[in-house]
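In what follows, a single structure is set out as C-alpha cells and then discussed.
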Amino acid sequence: MPSPLPSSSAGNEPGVLAALRSPRLLRTEVLAGLVVALALIPEAISFSIIAGVDPRVGLFASFTMAVAISFLGGRPAMISAATGAVALVIAPVMREHGYDYLIATVLLGGLIQIALALAGVARLMRFLPRSVMVGFVNALAILVLEAQIVHMVDVPWAVYPMIAVGIAVIVGFPRINKVIPAPLVAIVALTAFTVIGAIDVPNVGDQGKLPDSLPTWFLPDVPLTFDTLQVIAPYALGMALVGLLESLLTAKLVDDITDTHSDKTREAGAQGLANLITGFFGGMGGCAVVGQTMINVKVSGARTRLSTFLAGVFLLVLVVGLGGVVALIPMAALVAVMIMVSVSAFDWHSVRPSTLRRMPLSETAVMLTTVAVTVATRNLAIGVIVGVLVALTLFARRVAHLTDTHRELVEGADGSVSAVYRVTGELFFASSNDLYTQFEYADDPDEVVIDLSDSHIWDASTVAALDAITHKYATKNKSVRIVGLNASSADRHERLTGQLTGH
C-alpha cells in the first residue's frame, strides 16, 4: 500500500529552488502569493460566519492549511484554506455542541482523510468522466460569481463604477505590463482611491474583526468516550469526503491548466495532515480553494509551492501586523478580482452551439446535471457525486444496447439438431437482465449451446441470468452447454453458478 506522503515531487513543475534562483520566477511567486492572501481574507471571514465561529478561526485555518500544504501537498501551487464546503458540513456541530466539539471533528476528519489516502482513494479519480469535470469547472465559476452578488446589493452607488474600473484594470493592465499581477494593481489602485477621496464604501474591515495575535496551540476539551465519537464521527466523515473530493478535483484542474501531473495520493494524505495541524491550532479545517487556486495559477501564473507558502504567510502578516491597512481595502476591488476569476474559470467552449451540436446528448446531460445540482445545493461535492451517478447510469444504458443474441440450428454428424445461441457484447447487470427473454425455450431442440466467445461475464447478475436460462430449459427436459468462456469469465461462472438462486 503506497504511502500518502512520498518524497518525490509531482510533475515537471519548476521547483522552489529554481524560483529562488530566477528573479523573474521569484517575483511571480511572491506577487501571486500576495494577491491570493488578499483574496483569502474576506472569504475566510465569510466561511467563519457560515460555521458559526469567530472570524479569527477561519483566518487562522487559512494560514495553517496553506503553509502546511505548501510542504506536504502533492500539487504544487494549489491553495488550501478554510472553505465554504467544509464550513457547511461542520456548522451543525458548532451550533449544537460548541467550539471544542468542532475542533475535535476537524481532528477526526483529518485522521479519516489520512486513512482514506492510505486506502488508495485517490485512484478513484480515474473514474471521473470529462463531462463531470467540465460541469465542476462551470459550476465553480457560477458559484464564485454568485458569491459576489451579496457585495453588490444595498451598497452605495460608488461601488458599481469601482467594480467596473477594477475589471477594466484586470483586463487591460497586462497589455501594458505583465510583470505585476493585474489583480494586485486593481486592489492597490482602488484602495488608494477610496482612502484619498474619502469614499465611503464597504471594505474588508466591515466583514468582521481581524485578529491581533498569532494562533496558539489548542487541545479540545471533550470527553474521550464512545458518546463523543458518535456525535462527531458523522460530521468528520462528511468533512473528510467533501474535502478530499474538492481537493482532488482542484488538483486535476490545475494539472490540466499547467499540463503537468500531480501526486493525488500524496495530496489526499497531506489534506489530512494539514487538517490535523489546523485543528491543533484551533482552526476550522478546510481543503483546496478553487477560486484562489485559479487566481494563483491561471491569473497570476504561479507554478511552485513557494506561492502557496507565501499566501499563508502574507495572510498572517496582513491580518495580524497590517490589519488596519487591510481593513481599508474596498470590497469592490475584491469583487472585481473574483468576477474575472469566474469568467476565466468557466469553460466557454463547452457551451458553444458548435460544441453542443457535436457533443453526444448524454455528455451534455451529465455536464448540465453537474452544474444544476451543484448550483442548487451550493456544494461542489454533491454536484460531482450526482454527475458521476448520472454518467454511470447513462453509460450502463448505452452499453446494455450493444449486446446481441443470434440463434441458428446446427445439424450434427449423427443427424441430431441443436440450437446454437451466439451472444456478443459485454454482459453485466444492465445488459444481462433481458438475456433471459432472448431464447426460444419451447421451440428449441433438446440440446442448446450458448456460445460466449464474443462476450465477457462481468458480474453475478449475468451468472444468475445464465442459471435462470439453464433452469428454464431443464424444466422442459432440455440440456444447455455454455461454451467459449474466456479465463476470467469461466472462473467467475464456476465460482457463482448454482449459488445465486434457490433452484
Side-chain angles (χ1 to χ4, degrees), residues 4 10-11 13 32-33 36-37 39-40 43-44 47 58 61-89 106 109-110 113-114 116-117 121-122 124-125 128 133 136-137 139-141 143-144 147 239-258 260-278 283-300 302-305 307-309 311-312 315 338 341 345 374 379-381 383-384:
E13 299 283 358
V36 170
L40 278 173
E43 290 214 353
F47 298 149
S62 294
F63 159 67
T64 52
M65 288 293 297
V67 171
I69 285 295
S70 69
F71 289 100
L72 303 172
R75 174 64 263 174
M78 190 170 78
I79 305 296
S80 288
T83 62
V86 170
L88 286 169
V89 172
V106 172
Q113 287 179 326
I114 294 173
L116 290 173
V121 69
L124 296 177
M125 288 299 293
L128 189 72
M133 191 65 195
F136 164 77
V137 171
L140 157 72
L143 288 179
V144 169
M239 169 193 163
L241 293 176
V242 167
L244 281 184
L245 181 57
E246 193 156 338
S247 298
L248 295 177
L249 283 169
T250 305
K252 191 174 187 303
L253 180 60
V254 178
D255 289 352
D256 293 340
I257 292 172
T258 61
T260 56
H261 173 69
S262 62
D263 190 333
K264 306 296 190 306
T265 299
R266 175 175 175 174
E267 185 61 44
Q271 288 292 327
L273 287 172
N275 274 306
L276 281 178
I277 294 170
T278 297
M284 58 181 277
C287 62
V289 192
V290 193
Q292 275 67 22
T293 297
M294 290 299 98
I295 293 176
N296 196 46
V297 175
K298 198 166 186 178
V299 178
S300 301
R303 290 294 182 269
T304 78
R305 300 174 186 274
S307 59
T308 306
F309 172 76
L315 174 64
M338 298 311 293
V341 168
T374 301
N379 190 314
L380 290 166
V384 168

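Any value given below was found using the heavy atoms of this structure, including those in side chains, with hydrogens, waters and symmetry copies removed.
Scanning all heavy atoms of the two residues, the minimum distance from Gly58 to Met284 falls at CA-SD, 3.6 Å. Across all their heavy atoms, Thr304 and Ser307 have their closest contact at O-OG, 2.9 Å. Pairing each heavy atom of Phe47 with each of Ala87, the nearest pair is O-CB, 3.6 Å. Shown here for Thr265 and Ala122, the closest heavy-atom pair between the two residues is N-CB, 3.6 Å. Taking both residues in full, the closest heavy atoms of Arg303 and Val297 are given as NH1-O, 2.9 Å, listed atom of the first, atom of the second, then distance.
A side-chain donor-acceptor contact under 3.5 Å links Asn296 to the backbone of Ala77. Gln292 contributes a side-chain N or O that, together with a main-chain N or O of Ala39, makes up a donor-acceptor pair within less than 3.5 Å. Remark: side-chain polar atoms of Ser300 are paired, donor with acceptor, to backbone N or O of Ile295 under 3.5 angstrom.
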For residues 79-86, which side-chain N or O atoms pair as donor and acceptor with protein atoms under 3.5 Å away, sequence neighbours left out?
from, atom 1, to, atom 2, distance (Å)
Ser80, OG, Gln271, NE2, 2.9
Thr83, OG1, Val86, N, 3.4

Pairs of donor and acceptor atoms involving the side chains of residues 64-74, under 3.5 Å and at least two apart or interchain, shall be tabulated with distances.
from, atom 1, to, atom 2, distance (Å)
Thr64, OG1, Phe60, O, 3.0
Thr64, OG1, Ala61, O, 3.2
Thr64, OG1, Thr278, OG1, 2.9
Ser70, OG, Val67, O, 2.5

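Of the inter-residue distances, the one linking Leu241 atom CG with Met239 atom CE reads 11.0 Å to the nearest 0.5 angstrom.
In this structure Gln113 satisfies the side chain to side chain donor-acceptor pair (under 3.5 Å) test together with Asn275, sequence neighbours excluded. With sequence neighbours excluded, no residue forms a side chain to side chain donor-acceptor pair (under 3.5 Å) with Thr293. Residues satisfying the side chain to side chain donor-acceptor pair (under 3.5 Å) test with Ser62, not counting sequence neighbours, are none. Listed by chain and residue number, Leu128, Val132, Phe136, Leu245, Leu249, Val388 satisfy the side-chain contact (heavy atoms from CB on, under 4.5 Å) test with Val384 (two or more places apart in sequence, or in another chain).
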For a side-chain contact (heavy atoms from CB on, under 4.5 Å) check, start with the C-alpha distance between Thr308 and Met78, then their side-chain angles and the critical distance, and finish with the verdict.
CA-CA 7 Å; Thr308 306; Met78 190 170 78; 5.7 Å; no
Test side-chain contact (heavy atoms from CB on, under 4.5 Å) on Lys264 and Leu124; report intermediate values, then the result.
CA-CA 10 Å; Lys264 306 296 190 306; Leu124 296 177; over 6 Å; no
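Taking the side chain as every heavy atom from C-beta outward, Thr250 and Arg75 never approach each other to under 4.5 Å.
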